[in-house]
Amino acid sequence: MSHEQVETPAAEGGAATYDVEVMQEKWYQAWEDLQPFRASDDVVRSGTREKRYALTMYPYPSGDLHMGHAEVFALHDVIARYWWQRGYEVLNPMGFDSFGLNAENAAIRDNEHPATFTYANIGVSTESAKRFGASFDWSRTFNTSDPEYYRWTQWLFLKFYERGLAYRKKSPVNWCPNDQTVLANEQVIDGRCERCGAEVTKRELTQWYFRITDYAQELLDCLDDLAPTWPERVITAQRNWIGRSEGAHVTFPVSSVVEPGDEGARVETHDDITVYTTRPDTLFGATFMVVAADAPLAGELVTEGQRPAYDSYLEEVRKSTDIDRLSTDRPKTGVFLGVHATNPVTGAQIPVYAADYVLADYGTGAIMAVPAQDQRDWEFAEAFHLPIVRTVQPPEGWEGEAYVGEGPAINSHNDSVSLDGMGVDEAKRTIIDWLEAQGVGQGAVNFRLRDWLLSRQRYWGAPIPFIHCEKDGEVPVPEDQLPVVLPELRGQDLTPKGVSPLAAAEEWVNVECPRCGGPAKRDSDTMDTFVDSSWYFLRYCSPHDDTQAFDPDLVDLWSPCDIYIGGVEHAVLHLLYSRFFTKVLADMGLLKFREPFSAQLNQGIVINQGAKMSKSKGNGVRLGEQLSAYGVDAVRLTLVFAGPPEDDIDWADMSPSGSLRFLQRAWRLSGDVTAAAGADPASGDVALRKVTHKTLRECEQLVESHRFNVMVARVMELVNATRKAIDGGCGPDDPAVREAAEAVAIVLSLVAPYTAEEMWERLGHQPSVARAGWPVVDEALLVEDSVTAVVQVQGKVRARLDVPPTISDADLEAAALADPAVVRAIDGSTVRRVIVRAPKLVNIVVG
RNA sequence: GCGCUCGUAGCCCAACCGGUAGAGGCACCGCGUUUAGGUCGCGGCCAGUGAGAGUUCGAAUCUCUCCGAGCGCACCA
């Protein structure tokens with residue numbers, strides 16, 4: 001498809017034909033010269049303009065931009081450009097999340113250095129984003145793989161360490177066998193690697209963690225404040241992920257243990273088992289205990305007689321993936337550990353099992369099993385023929401198994417405490433008080449959130465700035481030795497081996513211990529790229545500062561972000577980590593705010609023919625082809641007009657050619673206007689002026705409520721009205737026509753910057769229209785002269801009356817009852833009631 | 001299994017506190033412009049809001065049930 005061209009008489013300034021390619025080339029150059037979107041610190045500092053910080057999730061440079069980028073940029077630009085037009089100084093930066101596995105894998109494949117791909121892709125993507133007309137301030141750009149950036153990522157790591165928020169521990173961790181690295185819990189989706197989809201397995205490894213759980217409560221509490229301006233689904237996802245629960249810790253003594261089959265033999269006394277439970281009220285029904293099979297506790301408890309059985313069970317558990325483990329209606333498995341514990345309220349000796357339905361890293365890794373009030377425990381009890389004692393009375397006619405609902409406690413008393421007859425809440429309070437008094441338990445809060453595992457066994461990331469010395473242990477790299485720069489590795493050197501490729505870079509790894517000067521080794525893991533992105537939005541405020549990660553004063557000037565636009569896939573990844581970082585930095589005294597993103601918008605995705613675009617389906621839509629066929633503006637307009645920004649866009653349902661037609665139609669207005677520039681619109685056609693001003697007011701409200709698709713529809717109406725005024729109304733020399741065309745150009749500048757710029761020039765103005773300023777709406781023109789009042793009889797519309805907007809209820813009722821059509825509809829029936837909502841409606845009830 | 005969101009013309013989508021179901025676009029048809037096609041201009045066609053019930057003077061909008069779609073959570077004790 002070639003560009004469609006429209007011939008019109010040459011107007012003052014601007015081309016006489018709507019030639020997409022010529023226009024795009026012309027304004028691309030002009031904007032490079034004008035730099036209309038440089039954010040000035042001084043302007044905000046001096047109070048000349050109020051600040052706005054518009055942020056879009058920075059991309060991973062995996063190649064050139066695609067439809068997804070185009071959509072986010074187009075939507076984001078509406079807001080950023082609107083803020084400029086409304087007189088704000090807008091910080092609208094863009095950079096690249098440029099560490100990561102794509103480049104590393106490509107480097108291995110092609111025997112290259114990851115930086116080669118990365119920086120080539122960044123170049124291409126930057127150029128494309130500029131040609132797309134995105135209003136980013138490129139003077140502030142950076143890449144997280146630049147040593148000037150990751151130096152500060154490393155510095156932050158050291159600061160976290162100093163505060164006890166970064167630590168190493170050995171633990172069973174998620175392992176992606178395809179990417180050959182560990183993963184954080186947040187990066188495991190339904191048992192699969194978030195990045196590559198491979199089934200995740202477990203490995204026992206020593207890894208670095210951030211103590212995000214220290215902030216669990218605050219991360220949860222602040223969600224209430226964010227709820228009005230964040231998408232509900234993100235709030236919900238984070239609440240679920242943090243997973244706060246209230247309950248109690250209860251200690252079960254493990255006493256004189258009897259080996260089964262050898263009733264006489266006494267085995268040594270073990271330590272107590274402490275469990276976490278959300279249902280301490282059901283303690284009387286705890287008939288056995290379960291320890292996570294892979295928890296160290298299980299190995300400590302197991303008797304010699306049961307060890308072989310336990311060992312083989314553990315091996316089985318270790319082999320299973322999360323996919324197996326999470327599959328529903330899988331029969332309960334486990335093994336008796338050979339020991340018994342004492343239920344602290346009943347004094348009963350209850351057996352202790354190891355099983356895989358209990359998780360090692362939640363709570364204490366052990367539970368009290370109450371089969372009557374927990375379905376999982378019920379199933380285990382059935383499988384192992386263990387007793388079931390109901391301690392909550394199920395309702396009449398209950399036919400289920402475990403009963404988890406509300407009901408009076410039963411069978412729940414001993415010599416010193418009784419819960420019988422109490423509701424669940426009262427029973428909980430009572431038993432917790434009793435446990436605390438006896439010193440065998442206390443109320444407790446638990447979170448589902450785990451600490452963030454951040455070390456990775458791959459090359460293309462920020463090296464962890466630590467040195468391991470046999471004598472001094474883990475030693476931080478002194479700050480003045482940052483950055484710890486990656487060694488030059490390429491191609492086969494990067495092949496994943498299960499340990500970081502950095503470990504093999506002998507010259508790099510072997511260093512002197514900063515403390516004792518003895519031989520030591522660098523930590524060879526790199527940081528998760530989510531560490532890079534947890535603070536990048538701060539760096540934009542002082543992107544070139546080589547003395548600190550960010551300038552607190554400048555961050556304070558611009559932050560927090562007033563809008564953050566991105567995909568909902570980061571609901572509990574990047575968005576949670578960034579919130580965590582912000583709170584830590586605030587505690588360090590570097591930030592004055594505790595939440596980084598005041599408002600958020602999740603855009604949908606672009607699909608094709610009802611399905612996600614993918615190579616295997618062959619339904620991909622190439623952005624480059626669409627841009628060549630229809631031009632930047634038409635593609636942008638199509639993306640914005642498609643529907644609500646949160647909704648997915650099926651490109652097959654869209655009509656970029658229709659968008660192009662509209663843009664040409666709008667553009668032609670600018671050539672038809674003959675009223676002189678600067679002509680006083682007050683002398684112009686009032687009807688058209690009313691449309692113009694009403695449209696502008698509506699567009700303001702629509703942008704602010706993120707209903708960009710409706711805003712486009714309003715501009716289309718204004719274009720139609722202006723067209724009619726020119727051809728059949730007040731004529732092209734009326735100042736109101738000029739006013740309308742200028743309004744069209746300004747509103748269009750939010751969506752179709754090339755067309756808008758061209759219109760603006762043809763209307764006799766200097767570029768850039770993007771900084772022309774939003775027209776002041778004349779409130780007087782928003783007042784309607786007359787409105788249509790509807791008259792209903794029995795709810796059916798019988799007449800429409802033109803009435804003044806100020807009409808009184810009484811006058812409107814009189815007018816309605818006098819209308820011949822209404823009289824006919826009433827037809828002598830008795831009027832029972834008349835509802836009047838002046839000036840819009842009258843409903844007459846007869847009967 | 002539990003929870004949330006959404007079902008409006010052939011299609012994408014509008015409709016503020018319940019108050020005229022239609023703003024805009026696509027597709028289609030007609031008329032005009034044009035050598036013709038496209039463009040352009042004008043006009044037209046098209047649903048009673050997934051189904052049913054309730055509340056109300058009045059329901060796309062509120063309530064309940066069902067159907068359908070999408071999303072989230074799902075051994076976290």
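Reminder, nothing fancy here: chain letters follow the sequence lines and each chain counts from 1. What you see below is based on every heavy atom in this structure, not just the backbone, and it leaves out hydrogens, waters and symmetry mates.
- Here the P atom of nucleotide G38(B) and the OH atom of Tyr18(A) are 21 Å apart, to the nearest Å.
- In this structure, the nucleotide among G58(B), C26(B), C12(B) sitting nearest to the side chain of Arg661(A) is C26(B).
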Return the polar atom pairs (N/O with N/O) between nucleotides 28-34 of chain B and the protein under 3.5 Å, or none.
none

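- The side-chain tip of Lys332(A) does not point at the ring of Phe384(A) from less than 6.0 angstrom away and within 45° of straight on.
- With a 3.5 Å ceiling on both atom-pair distances, the Watson-Crick or G-U wobble partner of C73(B) is G1(B).
- Of the side-chain N and O atoms in Arg668(A), none sit less than 4.0 angstrom from OP1 or OP2 of U39(B).
- With its glycosidic angle more than 90° from 0, C42(B) adopts the anti conformation.
- Atom-to-atom distance recorded for His249(A):NE2 and Thr251(A):OG1 is 9.0 Å, nearest 0.5 angstrom.
- Heavy atoms only, all atoms of each residue included: Ala355(A) and Val290(A) are closest at CB-CG1, 3.5 Å.
- Heavy atoms of Gln792(A) sit under 4.0 angstrom from at least one base atom.
- Considering CG of Leu223(A) and CD1 of Ile235(A), their distance stands at 5.0 Å, rounded to 0.5 Å.
- Between Asp809(A) atom CG and G19(B) atom P there is a gap of 17 Å when expressed in whole angstrom units.
- Residue Met368(A) is out of contact with every strand shown, counting any heavy-atom pair closer than 4.0 Å.
- Counting non-hydrogen atoms of neighbouring residues, nucleotides and ligands closer than 6.0 angstrom, the CD atom of Gln375(A) exceeds 12 such neighbours.
- Judged as a ring-ring contact (aromatic ring centres under 6.0 Å, His included), and not counting sequence neighbours, His693(A) has no contacts.
- Summarising the geometry, the separation between CZ on Arg697(A) and P on C16(B) is reported as 19 Å, rounded to the nearest angstrom.
- Between the CG atom in Leu220(A) and the CZ atom in Arg239(A) there is a gap of 6.5 Å [rounded to 0.5 Å].
- For Arg697(A), the side-chain contact (heavy atoms from CB on, under 4.5 Å) partners two or more places apart in sequence, or in a different chain, are Glu700(A), Gln701(A), Val777(A), Glu779(A), Leu782(A).
- For Ala652(A), the side-chain contact (heavy atoms from CB on, under 4.5 Å) partners at least two apart in sequence or on another chain are Asn608(A), Gln609(A), Asp650(A).
- Residues satisfying the side-chain contact (heavy atoms from CB on, under 4.5 Å) test with Asp809(A), not counting sequence neighbours, are Val836(A), Ala838(A).
- In this structure, the side-chain contact (heavy atoms from CB on, under 4.5 Å) partners of Asn185(A), at least two apart in sequence or on a different chain, are Asn174(A), Trp241(A), Arg450(A).
- Nucleotide G7(B) is shown with an anti base, its glycosidic torsion being more than 90° from 0.
- For the contact set between residues 236-248 of chain A and RNA chain B, defined by any heavy atom under 4.0 Å, the members are Asn240(A), Ser245(A).
- With rounding to the nearest 0.5 angstrom, the CE atom of Met67(A) is 12.0 Å from the CD1 atom of Ile605(A).
- Whole-Å rounding puts the Arg233(A) CZ to C6(B) P distance at 12 Å.
- The residue Lys724(A) sits close only to the backbone: its heavy atoms come under 4.0 Å of sugar-phosphate atoms, none of a base.
- The residue Asp653(A) sits close only to the backbone: its heavy atoms come under 4.0 Å of sugar-phosphate atoms, none of a base.
- Applying the side chain to side chain donor-acceptor pair (under 3.5 Å) rule to pairs touching residues 719-732 of chain A yields Arg665(A)-Asn720(A), Asp672(A)-Arg723(A), Arg723(A)-Asp727(A), sequence neighbours excluded.
- Each of Asp361(A) and Arg665(A) was assigned the nucleotide of RNA chain B with the nearest heavy atom; the assignment lying further toward the 5' end belongs to Arg665(A).
- Contacts between residues 277-295 of chain A and RNA chain B, counted as heavy-atom distances below 4.0 Å, involve Thr277(A), Thr278(A), Arg279(A).
- Using a 4.0 Å cutoff on non-hydrogen atoms, the parts of residues 705-721 of chain A near RNA chain B are Arg707(A), Asn709(A), Ala713(A), Arg714(A), Met716(A), Glu717(A), Asn720(A), ordered by number.
- The residues Arg192(A) and Asp190(A) are annotated as not salt-bridged, no charged nitrogen and carboxylate oxygen being separated by less than 4.0 angstrom.
- Between the NZ atom of Lys694(A) and the C1' atom of A23(B) there is a distance of 9 Å, rounded to whole Å.
- In this structure, Glu700(A) atom CD and C16(B) atom C1' are separated by 16 Å, rounded to whole Å.
- Here the shortest heavy-atom pairing between Glu246(A) and Tyr276(A) reads C-OH, 3.4 Å.
- Considering CG of Asp633(A) and CH2 of Trp667(A), their distance stands at 13.0 Å, rounded to 0.5 Å.
- Of all the residues in residues 635-645 of chain A, Phe641(A), Ala642(A), Pro644(A) reach under 4.0 Å from RNA chain B with at least one non-hydrogen atom.
- The distance between atom CZ of Arg448(A) and atom C1' of C73(B), rounded to the nearest whole Å, is 8 Å.
- Applying the ring-ring contact (aromatic ring centres under 6.0 Å, His included) test to Tyr313(A) and every residue at least two apart in sequence or in another chain returns nothing.
- Base-pair partner of C64(B): G52(B) (Watson-Crick or G-U wobble, both distances under 3.5 Å).
- In this entry the distance linking CH2 of Trp651(A) with C1' of C26(B) reads 13 Å, nearest Å.
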